[in-house]
Each structure stands twice: as C-alpha cells, then as structure tokens.
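Read through the structure below, which is laid out as structure tokens, and then see the notes.
We name chains A, B, ... by the order of the sequence lines, and we start the count at 1 in each one.
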Amino acid sequence: MPIKPADRGLLILTSLAGGDKHGYALMKDIEEFADVRLGPGSLYGALVRLEDEGLIRALDPDERRRPYRLTAAGRQVLKGELSANAKLSTVGLGRLAANGA
Amino acid sequence: MKRWLVRVALLSYPSSWRRRYGGELEQLMLDCGADATLLGSVWQLIAASGCGLAERLHRVGPRSRALSIICVCSAAAMVIDAETVSATDTVAGPVSPFGAIWLAPNAMLPADANIVHAPAWAFPASSEPVPRKTTVQFLPGTARVVGVSGPPSTIVVNPTSGRITAINPGA
C-alpha cells in the first residue's frame, strides 16, 4: 500500500521526536522503526510542507547536510495524532479479539 | 552517483526551491546513491525529477493546475486520435515518400476508383484477424496488397499514383 503524504509527515515527526536529524539520518531511522523506505524526493517534499506549517525547523547545516528539529507546535500535533491512532488501535484490536479474530 | 547527474535531475524543481533546498537534496541523493545499486540510483533520479515536477505543479494555483492537466489530457487525446483512422475515412490515406500507406478498417473506395487486378502478393495468408493498422511499402510499378482488421481482404494499389483503387473481400 503506498504511503500517503499525511503518513510521511507523521513518520518524519516521529523520527524527529527522538532528536535532531538530517535527511539521510531521517530516512534510515524511518526505515528502521517503520520499515518504510522514503525516497529523497518524497522525503524533502514532506520536509518542506512540515517546515511551511511550522511543525519543524531547519538548523544550521553541517557541511551540506542540514538537520531538522521538531518545534513545540510539531510536538503538540504529533502527540495528538499518535493519541488518536492509539485509541483507534485499542478499539480496533479489542473488537477483533471480542469477535474471535 | 555523479553529482552532475543529480543536478540535472533537480532542474525539474522550481529555481526558488533549488536555491533553498537544492544543496541538501543533492547531498542526500549522493548519500543514498553511495549504497544503492545502479538501477536504484537511476530510479532515484527519475523519482526526484517527478517530485520536482509535482512541486512546480503544487506552486501554481488550482485553476492553472486544472488547466495544465486539461492540456496534457487533450494533447494525449490528439496523439491517440492521430493514430486512429476513422472507419469512414477514404481509402487513400497519408502516403509517405517511401510509399507506405496506412489504412482504416472498413475503408471506403474513392468514387473514381478503378479496379486493378493481379496483385503481386497477398498479406496475410491466414484467416486470422490482422492488426488494425498495417503498412505496406511498395515500389513503383508493383502492386502490393495489405490486410485490414477483420476478415482478410485484398487491397489493390495503383502503382503509379500510390492510391488504393480496390478492396476485395477474401485473400
């Protein structure tokens, strides 16, 4: 199933919740915890949108690699999204268990 | 992956975007290319170009975006239409300098057609339906035949004018 743009944002925010990262580190971290491989073009498409929305901000580049950091607003949005997903998971898994899945 | 190749791929992005993010994305693609296969690297370049075009499209207003999509679809329709010959087109279609003729299925004879007999050879020699369009190259002074979709037919070509003068059912 293809990764939707909204999902990419969530993956990036989740990765940055663990600390500042540049693009390559983000890709590797996301691949490790979510088993999803984002291409460079897709990753930067999502990074630009998140920066425009104020959810992340760019730090000073280290050579040609620029790390990104989660902002307070980004932290808030991530918490909200993950809480909603957690609730959904609990309800869904509970119903599956109740109906003998 | 070569740096110049990456830079060419990134030309698909708007220049303002490249000024701000181009260096980082270039470095990221080089980092990724270091541990990718040749096919993977090529795919990354193509995908990055596609993302660049998507970024350009994203930046135009919704009306311009819709207009661009309509233009692309119209161009595609025109190309398909150019490849498709109407069933009511007359027999004498476009003739290339080398004498190739494209035929429409169920093509109609021109009003002033003359029946010319004894073609040099018939194609195809089976009862299977032939491809929708078939081209034939003919030499001056030689009449050749060509098949159209549906049952095999004998098409007779005037060797001087290059115009098709008869279509007779049967091989």
### Connected via hydrophobic side-chain network under 4.5 Å: Leu11(B) and Trp4(B)
no
#### Entry: Residue list, side-chain contact (heavy atoms from CB on, under 4.5 Å) with Ser42(A), at least two apart or on another chain
Arg8(A), Cys51(B)
### Message
Are Leu53(B) and Leu45(B) connected into the same hydrophobic cluster when the rule is that any two of I, L, V, M, F, W, Y join if their side-chain heavy atoms are below 4.5 Å apart?
### Response
no
### Query
Is the number of heavy atoms from other residues, nucleotides or ligands under 6.0 Å of Asp52(A) CG greater than 12?
yes
### Summary
Expected contact set for residues 57-67 of chain A against chain B at heavy-atom separation under 4.5 Å reads Ala58(A), Arg64(A), Arg65(A), Arg66(A)
### Message
If hydrophobic clusters are built by linking Ile, Leu, Val, Met, Phe, Trp and Tyr wherever their side-chain heavy atoms come under 4.5 Å apart, do Leu88(A) and Leu82(A) end up in the same one?
### Response
no
### Task
Check Pro40(A) against Leu25(B) and note the closest heavy-atom contact, atom names and distance.
O-CD1, 3.6 Å
### Query
Are Leu93(A) and Val91(A) connected, step by step, through hydrophobic side chains (Ile, Leu, Val, Met, Phe, Trp, Tyr) whose heavy atoms are closer than 4.5 Å?
no
### Query
Which members of residues 14-24 of chain B, sorted by number, sit under 4.5 angstrom from chain A on a heavy-atom basis?
Trp17(B), Arg20(B), Tyr21(B), Gly23(B), Glu24(B)
## Note on the structure
d(Asp31(B) CG, Lys28(A) NZ) to nearest 0.5 Å is 10.0 Å
### Message
According to side-chain contact (heavy atoms from CB on, under 4.5 Å), who are the partners of Arg75(A), at least two apart in sequence or on a separate chain?
### Response
Leu70(A)
### Query
Around Gln76(A), counting heavy atoms of other residues, nucleotides and ligands shown, do more than 12 lie under 6.0 Å from its CD?
no
### Task
Answer with side chain, backbone, both or neither: which region of Leu47(A) has an atom nearer than 4.5 Å to a non-hydrogen atom of chain B?
neither
### Task
Indicate if Leu30(B) and Val8(B) have the same hydrophobic cluster label, given that clusters are the connected sets of ILVMFWY residues with side-chain heavy-atom separations under 4.5 angstrom.
yes
